[in-house]
Amino acid sequence: MVFQGYRRTDGKVGTRNYVGILSTVVCANEVTESIAESVNGTVSFIHQQGCCQTPIDIQQVTETLIGLGKNPNLASVLLISLGCESVVVEEVKAGIEASGKRVASIVIQDIGGAAKAIAEGCLKAQEMVHEVSLTKRESFPASELILGLKCGSSDTTSGLFANPALGIASDEIVKLGGTSVLGEVTEFIGAEHIIARQARTEEIGNQILELVKQMENRAKSTGCDIRGGQPTGGNIKGGLTTIEEKSLGAIAKAGTAPVNAVYKYGEQPEVKGLVVMDSPGREPEILTGLAAAGCNIIAFTTGKGAPQGFPFVPVLKITANENTWHHLQDHMDLCLSGVIDGRKSLNDYGRDIMDELLAIASGKKTKAEISGYTRSMDIYTVGPVI
Amino acid sequence: MKIEAIILSNEDNVATVLADLEGKSSFQIRKGEDIVEFRVAEPIRYGHKIALRHIEKGDNIIKYNEVIGRATKTIEPGYTVHVHNVESLRGRGDLD
């Protein structure tokens, strides 16, 4: 099985070929957006972080920005910094440059304000787009796919059909030598014993259990009960009663492959196969984490119809809820309702997902890419804003 | 054939409803390759769960052959099993 991708100097393979305009701090978002809106072939990433945070979070934001910049779907990168923020733009630049990519930066306070930064940024971005437009797609084996797994706005059909079918596709990618990244540790709660059993070693199993314990304790440390937020109101309306029920359905998307390693939020896997990444379940943070980890494609199952994609990683939207499929045509890419009708099996749908992933990896546009429903992203932080 | 409801394992005391059962007194539940006829006691919404047997207050609710919560009230067969009669056992702060 092959797809048509873009070869990068560090050996990674992209499924898209954008110039990324990345904001290093919330205060540079306006300039970042203006440049991306003005130059075709660019894509922006904006967020709410980068300053007035604890050192552990500034470190996490810096590492995540480096990871995003290194993502193989970006051919080159333009960083937009305000100048006085805690994240050090030169550190981010050097981190991304280690992948061999061209990286430029603009500092708004140094250049003399937003208007000059936008003008200079547009000129730099145009030059970069011109340069990267020469890169052609080539044939690569499916082992070069780094698949991010996500489910959101889940209902009971997610756990019964969409996630198990995605699990079959994930197993197939692993079998072909590719990588599959499972995040959403909150949604291991009540199902962690199953994922821990899937771990290749006892040590990895213990790391998984420890991550879940930390996530559960973090929620409890606020003095509140996790039940107020998980499952969400929409999940409950869709028939999911408890976090345990939601989790048991959610982990089915990881299939049955052994878990080969556990990584930090946004950390790039060094091993292939199925890996676990620490992250919460909320869309802006997990999608960003998967992109920073180097995922070149993401599969996202939904019951009630979560609309988000990601700015530069294609996100395949899968639902097994026929009502959602008909009602939200501009957001859904694939419908698996035939299991309920008795028309198709989960295995048939596992193959359909695999085919669709290869087509999208080769350039077929997802609904989220077409609608541009991709911009409200953020970086996961653990401490307070100070 | 269209599945009206599904039981995922032998141990489960709930089934998931996958059709609109409004106004129906009974429906067919898929269990592996078998189909069993079951009586509905109240209208149950698409995607929601139905009790398959008498569930005592404090009993575990079993789906996927796993515990998904605990009954806070006695639930009779044919009735909806959801947040009004089930509680989660995780992330609460008041349980170990």
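Letters go in sequence order (proteins before strands), and every chain restarts at 1.
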Do you know which of A/Ser247, A/Gly249, A/Ala252, A/Ser221 has the most heavy-atom pairs under 4.5 Å to chain B? A/Gly249
Chain B: which of A/Ala191, A/Gly159, A/Gly338 shares the most heavy-atom pairs with it under 4.5 Å?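 With the most close heavy-atom pairs to chain B, the winner is A/Gly159.
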Would you say that [X] contacts [Y] through its side chain, given a criterion of any heavy-atom pair below 4.5 Å between the two side chains?
X	Y	result
A/Arg343	A/Ser337	yes
A/Val259	A/Ile195	yes
A/Leu336	A/Thr319	no
A/Asn235	A/Lys304	no

Any donor-acceptor pair under 3.5 Å from A/Lys246 side chain to A/Phe188 backbone: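 Absent.
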Any donor-acceptor pair under 3.5 Å from A/Thr242 side chain to B/Ile68 backbone: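 Such a contact is found between A/Thr242 side chain and B/Ile68 backbone.
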Top residue by heavy-atom pair count (under 4.5 Å) with chain A, among B/Ile61, B/Leu18, B/Thr80? B/Leu18
Does A/Lys150 form a salt bridge (Lys or Arg N to Asp or Glu O under 4.0 Å) with A/Glu283? I'd like the steps, not just the answer. CA-CA 8 Å; A/Lys150 163 78 187 125; A/Glu283 279 75 5; 3.6 Å; yes
Examine whether an atom of A/Ile194 lies under 4.5 Å from a heavy atom of chain B, and if so say whether it belongs to the side chain, the backbone or both; otherwise answer neither. side chain
Heavy-atom distance under 4.5 Å to chain B: side chain of A/Asn321, backbone, both or neither?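 For A/Asn321, backbone and side chain are both near chain B.
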Does any backbone or side-chain atom of B/Val17 lie under 4.5 Å from a heavy atom of chain A? Answer side chain, backbone, both or neither.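 When you check distances to chain A, no heavy atom of B/Val17 falls under 4.5 Å.
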A/Glu172 and A/Lys175 ion-paired at < 4.0 Å: yes
Checking an interface table here. Which of residues 42-54 of chain B come within a heavy-atom distance under 4.5 Å of chain A?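 Checking residues 42-54 of chain B against chain A gives B/Arg45, B/Tyr46, B/Gly47, B/His48, B/Lys49.
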Residue from A/Glu187, A/Glu244, A/Glu216 passing salt bridge (Lys or Arg N to Asp or Glu O under 4.0 Å) with B/Arg90: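 It is A/Glu216; the other options fail the test.
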